[in-house]
Each structure stands twice: as structure tokens, then as C-alpha cells.
Amino acid sequence: FDTSKTKSAQFSGNLNIQGAEPGQAFRVSYEGQGSHENGAFDLSAKTKILDTDVMLDARSVDGKTFYLKLYGLDSQFLADAGAGATASLYTPIITAINGQWVEIGSSLVQQITGQQFKGGQPLSKSDQQKLLDIFGKHNFLKVAEVLPNETISGAKSSRFKVVIDAAGLKAFAAALKNAGLESIKLTGEQLQSFNKSVDRAKFDKYPLEVWISKKDKVITQIAFKTSEDGAIMDFKFTLNNYNKPVKVEKPTGAKPLLELLNSDQ
């Protein structure tokens, strides 16, 4: 996560969720690349919904304006979804966005979130140092177990089971609020809400596995797996390469999201 050492990254992974009942399964695979310097990224994901392959492409040239395109939401998908009132209600929207690049600007993101949106601007050197200092004093990641080494994407890597320390995380958030960072600002109300969420979480039940390159000391993979009441979820995020050029182009024919929604009203 040191942006002076990892200016860009290429990644891939998957998310699998298996419900307690037969047929309750959700699987998605993805791959992409991103730049820490200007917020540019390119992401492709694929899943299966109602026996239909649904694909998503997402990209941004500058981390401020985003472009999305969904494939697979065609007539067969609508037929499989059924002809009920709910399906009929969303049919015009689904038809409008299927296979169409949709543009979501920073003004719309700000309107939805209610907060000023600065996009992919990287952290300043001052903010980076403050974050490092805060984490050094309030380290909320604890190594619970050292696991056998493995090679990930050609890099010999140390492997650890890591848990989040709730008290350390709350202390980190409090210090972050008082640090006066330019790019990260927390209100007292937001801190209280965050602390309540931390109190409800059971971090000891959800350890992470983290792989660290022995040579470069950068993350090569993160994995998470949990099961509860017969349901299973596992997630894997692999860093395949660092610091290769990230070339992202604005898609042709993109239409603003509000324009597409309004055209079917």
C-alpha cells in the first residue's frame, strides 16, 4: 500500500458464496489494473445470474469520471427473470443499459453521497507520513499464525493469518480524526457510528490470510474464508504485477446515467 513503491498494480481474483440451501450460490471472477498516481483503472468481472452469463466492464481515466457497461441483460435474461410486475417495471431500464457504456460523473457521485468528491487524487506526502505514524502507534492488524511460505504470481511469499484487533482499530480511527489530514476527514458522529460497527463485529471469527513478497515486501495475495449456519463465503485477491504501465481509454458512445434513466420515463 506504499504508493511510492507501488505506483500501479495488475490484479485478479474471485468471490464465491454458497448458501445453506441447494441452488443458493453466487460466483464472480474478476481481473483488472489500476494506477495509484492518477486513479485510472480498468476492471472486468463475470458472474452467472439465472443461468445467464452477466459481465461487467468498469473503467476510469482519471478516477473522477467512471464508465460502466453490463452485458447479458438481454431478452433471455428478462424471460428467465419472469414477467411479473417487478420485472416489467425494470425492463425499460435493463434494456437501456444492456451493452451500453454508462457515464457517471463526479457531480453525480457527490449528489448521491452528499460529500465533496475529489476522485482519484493520491494522498499527499504529508498525509502518507501521518497515516504511517498513526498506524505505527495503533497497529490494528495482528499476526495470529505464521503459515508455510508459498509462491504467488512467481514471487516467493511469506504467508500469515491476520486478525483485526478491535481496540486497536478504534484507537486508529480516533487518531485519524484528530490528525488533520487533508484528504481524510472524520466527524465525531462518523467516528461514533464507526465504533458501534466495530463493537458489533466479531473480528476473531474472520481472519485474513495475507501473502507478502519476500523480495519486495509488497502484498501478493489476500484471501478470506468463513462459514456460518451452513453458508460458506470465500474471497481471493491476487496482485499479479506491480508498476507496469496502466493504459485506460475513454469508451466511445458513453451516455450519462441520468440521460438513460430519463429517456425511459
Using the side chain to side chain contact (heavy atoms under 4.5 Å, CB included) rule, pick out the option among Thr238, Ile152, Leu239 that qualifies with Ile219.
Leu239
Any donor-acceptor pair under 3.5 Å from Lys170 side chain to Ala166 backbone
no
Is there a donor-acceptor contact under 3.5 Å from the side chain of Thr6 to the main chain of Ser8?
no
Tell me the closest heavy-atom pair linking Phe140 and Leu169, and the distance in Å.
CB-N, 3.4 Å
Applying ring pair (Phe, Tyr, Trp, His ring centres under 6.0 Å) to Phe203 and not counting sequence neighbours gives none
Using atom types as modelled and distance alone, determine if a side-chain donor or acceptor of Asn139 lies under 3.5 Å from a backbone N or O of Leu141.
yes
Sidechain-backbone polar pair: Asn16 side chain, Arg27 backbone, donor-acceptor under 3.5 Å
no
Least distance between heavy atoms, Val248 atom then Ala40 atom:
CG2-CB, 4.3 Å
Answer yes or no: is there a side-chain heavy-atom contact under 4.5 Å between Lys161 and Leu147?
yes
Is any side-chain heavy atom of Met233 closer than 4.5 Å to a side-chain heavy atom of Lys225?
no
Indicate if Val210 and Ile164 have the same hydrophobic cluster label, given that clusters are the connected sets of ILVMFWY residues with side-chain heavy-atom separations under 4.5 angstrom.
yes
Distance in Å, Phe41 CZ paired with Arg59 CZ, rounded so as to fall on 0.5 Å steps:
10.0 Å
Is any side-chain heavy atom of Asp234 closer than 4.5 Å to one of Asn14?
yes
Just by distance, do the side chain of Ser213 and the backbone of Asp216 share a donor-acceptor pair under 3.5 Å?
yes
Heavy atoms of Asp53 and Lys46 approach each other most closely as CG-CE, 3.9 Å
For Gln100 and Gly253, work out which heavy atoms get closest and say how close.
NE2-O, 2.7 Å
Euclidean distance, Phe11 CZ relative to Glu31 CD, rounded to 0.5 Å
9.0 Å
Under 4.5 Å between side-chain heavy atoms, counting indirect links through other Ile/Leu/Val/Met/Phe/Trp/Tyr residues: same cluster for Ile17 and Phe235 or not?
yes
Do Leu191 and Leu176 belong together in a cluster built from hydrophobic side chains that touch within less than 4.5 Å?
no
Let me confirm one number: the OG1-CH2 distance from Thr252 to Trp101, rounded to the nearest 0.5 Å.
9.5 Å
Is the Phe224 ring parallel, tilted or perpendicular to the Tyr206 ring (thresholds 30°, 60°)?
tilted
Is it the case that the side chain of Asn98 and the backbone of Gly72 share a donor-acceptor pair, with hydrogens and angles ignored and the cut-off at 3.5 Å?
yes
To the nearest 0.5 angstrom, please state how far the CG atom of Leu186 sits from the NZ atom of Lys177.
8.0 Å
Using 30° and 60° as the class limits, which term best fits the ring planes of Phe135 and Phe172: parallel, tilted or perpendicular?
perpendicular
What salt bridge (charged side-chain N to carboxylate O under 4.0 Å, His left out) pairs are there with at least one residue in residues 129-142, not counting sequence neighbours?
none
Check Lys185 against Leu181 and note the closest heavy-atom contact, atom names and distance.
NZ-O, 3.1 Å
Same apolar cluster: Val198 and Ile184, side chain cutoff 4.5 Å:
yes
Atom pair NZ (Lys69) and OG (Ser44), whose distance is rounded to the nearest 0.5 Å:
10.0 Å
For the residue pair Ser157 / Thr220, report whether a side-chain donor-acceptor contact shorter than 3.5 Å exists.
yes
Keeping the roles fixed (side chain from Thr65, backbone from Val61), state whether a donor-acceptor pair exists under 3.5 Å.
no
I need the Asp127 CG to Gln129 CD distance, nearest 0.5 Å.
11.0 Å
Please determine whether residues Val246 and Tyr67 belong to a single hydrophobic cluster, defined as Ile, Leu, Val, Met, Phe, Trp and Tyr linked transitively by side-chain heavy-atom distances below 4.5 Å.
no
If you look at every heavy atom in Gln10 and Pro245, which pair is closest and at what distance?
NE2-O, 4.3 Å
Take Glu209 and Arg159, measure what salt bridge (Lys or Arg N to Asp or Glu O under 4.0 Å) needs, and give me the verdict at the end.
CA-CA 7 Å; Glu209 286 191 26; Arg159 181 183 174 197; 2.7 Å; yes
State whether a side-chain donor-acceptor pair under 3.5 Å links Ser153 with Asn240.
yes
Are any non-hydrogen side-chain atoms of His36 and Lys7 less than 4.5 angstrom apart?
no
When you look at Gln221 and Lys236, which way does the side chain to side chain contact (heavy atoms under 4.5 Å, CB included) test go after all the steps?
CA-CA 7 Å; Gln221 186 165 266; Lys236 183 176 289 184; 3.6 Å; yes
Strictly by modelled atom types, are Asp57 and Tyr71 linked by a side-chain donor-acceptor pair under 3.5 Å?
yes
Residue of the set Glu150, Lys214, Lys217 for which side-chain hydrogen bond (donor to acceptor under 3.5 Å, both in side chains) holds with Ser158
Lys214
Between Gln190 (side chain only) and Thr187 (backbone N and O only), is there a donor and an acceptor less than 3.5 Å apart?
yes
